[in-house]
Amino acid sequence: MSEKKSSTSTTRSNFTGKLGFVLAAAGSAVGLGNLWRFPYCAAKYGGGMFLFLYVILALTFGFSLMVAEIAIGRKTKLSAIGAFDKLKAEYYFIGVLASLVPIIITPYYSVIGGWVMKFLWMYITNPVEQIAMTNEQGLTVFEEFISSPVEPLIWFLLFLGITIFIIAIGVEKGIERSSKILMPALVLLVAVVAIYSCTLPGAIDGIKYYMMPNINDLSVKTVLSAMTQLFYSLSLAMGIMITYGSYMKKDINIETSVWQIEIFDTIIAFLAGLAIIPAVFACGSPENLKAGPSLMFIILPQVFTRMRAGRFIAILFFFLVFFAALTSSISLYETCISIIQDKFKQKRTPSIVFSLLICIIIGLLSSLGYGPLSMITFLGMQFLDLFDFISNSVLMPIVAFFTCIFVGYIIKPKTIIHEVESSGNEFKLKSLFTVVIKYIAPILIVIILIASILQAFGKISM
Ligand code: TRP
């Protein structure tokens, strides 16, 4: 979305056409969250059980929260900070907390974007086998890259530079237009890689691990990680969907739009998991299931070396991932700019520069945290994991909790239901929506948050 108006302006442009809204929201939703984060979380937190919980949460919790956020945006025609303020001034703070999330995510998103660019570049300039090799100390190409002090920084700055360049010269619209072709191409290509991975010898154990929930994998960590991944992937609990809603026309059906976004987003995440997790087993390295953020970069090179035309597929694949990351990063960066513009009443250029400063500081730490600063950890986490933890496991659940309380008890579900039905259609799942927003979601979040805080400080083990 590239509307550059401040959220306080009275005339807001709308998304054109019925599909316009869904495409723009899906463009923000589909990104590294689906391709990079979902597979490593699923691998790390119990495979089938994670997938199962994710889908259940998406159908209930994700659905209700997204409907609520879009409806709040469309009703108030404001972005997060202004929207809560307008509906009930005391709840202004929810908007402020929500706005912190993109400010933390944007910088480390560019770090990962840089890793993707590095891989794209390596596949362009090197034969596939070389990228799948390990060095004398047994380090993979990725591990060697990430632990070097300067190179990841350069790629990070390059990715950030491209994002800002596109924003500064104002060609986001063109980028968005090409995403209409490149996004479907991405889905197709992820499906091709997924099919290939699943047919590798030994992949069957991985398919079982990924698709069959095992009750022993049910833990607080699994529920928390499925929930936070859901927020991250659908861009929820950070004010984004409120902003998108504020640009949505009155005659568009919110409920159907939300289903379309959710289904599209979940299919891509599911396929990305299928492309990566079975291959972990096929490569005979189940210890990699715990690899975390590096998983995709360690496993995919193994898959591409085994594939016919692997180099060509790899170049195409990393190009499309780069593109998906870039569109999300532009939209994240735009969000930060508009938050700073609205909150501090700044002009656009100083806001761009200020966002850039924050991005460079947090991004540098995230990038160096895997290399020269790797001895610095907090609660056992390196910088990038720490920022991810603060935004996703702490701030987003808190924002989601207060949003539920706000909708459930302050403005009441009927306000949202009324907004959804104002386009002339019935809100079919309004009972589910009401129960989830008033009871299920807030109770679940409180339990999960308390348990995970206790766990982080080693008070309980689950
Ligand atoms: N949902 C995006 C993804 O899956 C990441 C993201 C989170 C995002 N918040 C956002 C993208 C805000 C654009 C705007 O990668």
Side-chain angles (χ1 to χ4, degrees), residues 1-3 21-42 54 58 62 65-66 69-70 73 79-80 97-113 115-116 159-160 163 166-167 172 175-176 179 183 186-187 190 225-247 258 261-273 293 296 320-339 355 359 384 387-388 390-393 395-397 399-400:
M1 190 181 47
S2 49
E3 277 82 350
F21 172 77
V22 173
L23 280 177
S28 139
V30 175
L32 291 172
N34 310 59
L35 302 157
W36 155 76
R37 203 174 184 282
F38 182 89
Y40 91 68
C41 286
Y54 184 89
L65 202 58
M66 194 183 283
E69 290 196 8
I70 293 176
S79 54
L97 281 181
S99 305
L100 283 177
V101 177
I103 295 181
I104 302 178
I105 293 183
T106 311
Y108 83 77
Y109 207 84
S110 294
V111 173
I112 318 288
W115 297 355
V116 171
F159 186 87
L160 184 61
T163 305
I166 291 170
I167 291 174
E172 306 95 304
I175 302 284
E176 266 164 36
S179 83
M183 282 291 163
L186 175 68
V187 183
V190 181
S225 53
M227 186 170 85
T228 55
Q229 174 58 24
L230 182 73
F231 294 159
Y232 189 93
S233 188
L234 292 174
S235 313
L236 292 175
M238 54 182 93
I240 292 282
M241 287 297 159
I242 300 184
T243 310
Y244 277 82
S246 73
Y247 293 105
V258 168
I261 299 165
E262 278 210 312
I263 292 170
F264 188 60
D265 191 75
T266 307
I267 288 177
I268 298 193
F270 170 74
L271 287 175
M296 160 176 157
L320 292 171
V321 177
F322 163 69
F323 188 82
L326 190 64
T327 52
S328 287
S329 154
I330 293 171
S331 145
L332 271 165
Y333 203 90
E334 279 283 4
T335 310
C336 293
I337 297 174
S338 74
I339 290 168
S355 310
C359 277
L384 194 148
F387 293 131
D388 188 273
I390 297 174
S391 60
N392 299 355
S393 303
L395 279 173
M396 277 149 73
V399 171

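In listed order, ligands and their atoms are each counted from 1. These figures come from a predicted structure and were not determined experimentally.
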Candidate with minimal heavy-atom separation from atom 3 (C) of ligand 1, of Ala29, Ser233, Ala324, Ser329: Ala29
Considering both backbone and side-chain atoms of [X], is one of its nitrogen or oxygen atoms within less than 3.5 Å of a nitrogen or oxygen in ligand 1?
X      : value
Asn34  : yes
Leu234 : no
Leu332 : no
Leu32  : yes

Which atom of [X] lies closest to which atom of [Y], heavy atoms considered:
X      : Y     : answer
Ala269 : Phe38 : O-CD2, 3.2 Å
Ala272 : Asn34 : CB-O, 3.5 Å
Leu236 : Glu69 : C-OE2, 4.0 Å

For ligand 1, is there an atom lying under 4.0 Å from some heavy atom of Trp36?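 No, Trp36 has no heavy atoms under 4.0 Å from ligand 1.
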Report, in ascending order of atom number, the atoms of ligand 1 lying under 4.0 Å from any heavy atom of [X].
X      : result
Gly33  : 3 (C), 4 (O), 15 (O)
Ser328 : 11 (C), 13 (C)
Ile240 : 12 (C), 14 (C)
Met238 : 7 (C), 9 (N), 10 (C)

Identify the protein heavy atom lying closest to [atom], giving its residue, its atom name and the separation to 0.1 Å.
atom                    : answer
atom 1 (N) of ligand 1  : Tyr232 O, 2.8 Å
atom 6 (C) of ligand 1  : Ser235 OG, 3.8 Å
atom 14 (C) of ligand 1 : Ser331 OG, 3.2 Å

Between Ser28 and ligand 1, find which residue part has any heavy-atom pair under 4.0 Å and reply side chain, backbone, both or neither.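 Both of them.
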Contact between [X] and [Y] at the side-chain level, heavy atoms closer than 4.5 Å - yes or no?
X      : Y      : result
Met238 : Thr335 : no
Tyr54  : Ser233 : yes
Met227 : Pro397 : yes

Only one of Ser331, Ser79, Ser235 clears side-chain contact (heavy atoms from CB on, under 4.5 Å) with Tyr244; which?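 The passing option is Ser331.
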For the CD1 atom of Ile103 and the CG atom of Leu332, what is their distance to the nearest 0.5 Å? 11.0 Å
Salt bridge (charged side-chain N to carboxylate O under 4.0 Å, His left out) partners of Asp265, counting only residues at least two apart: none
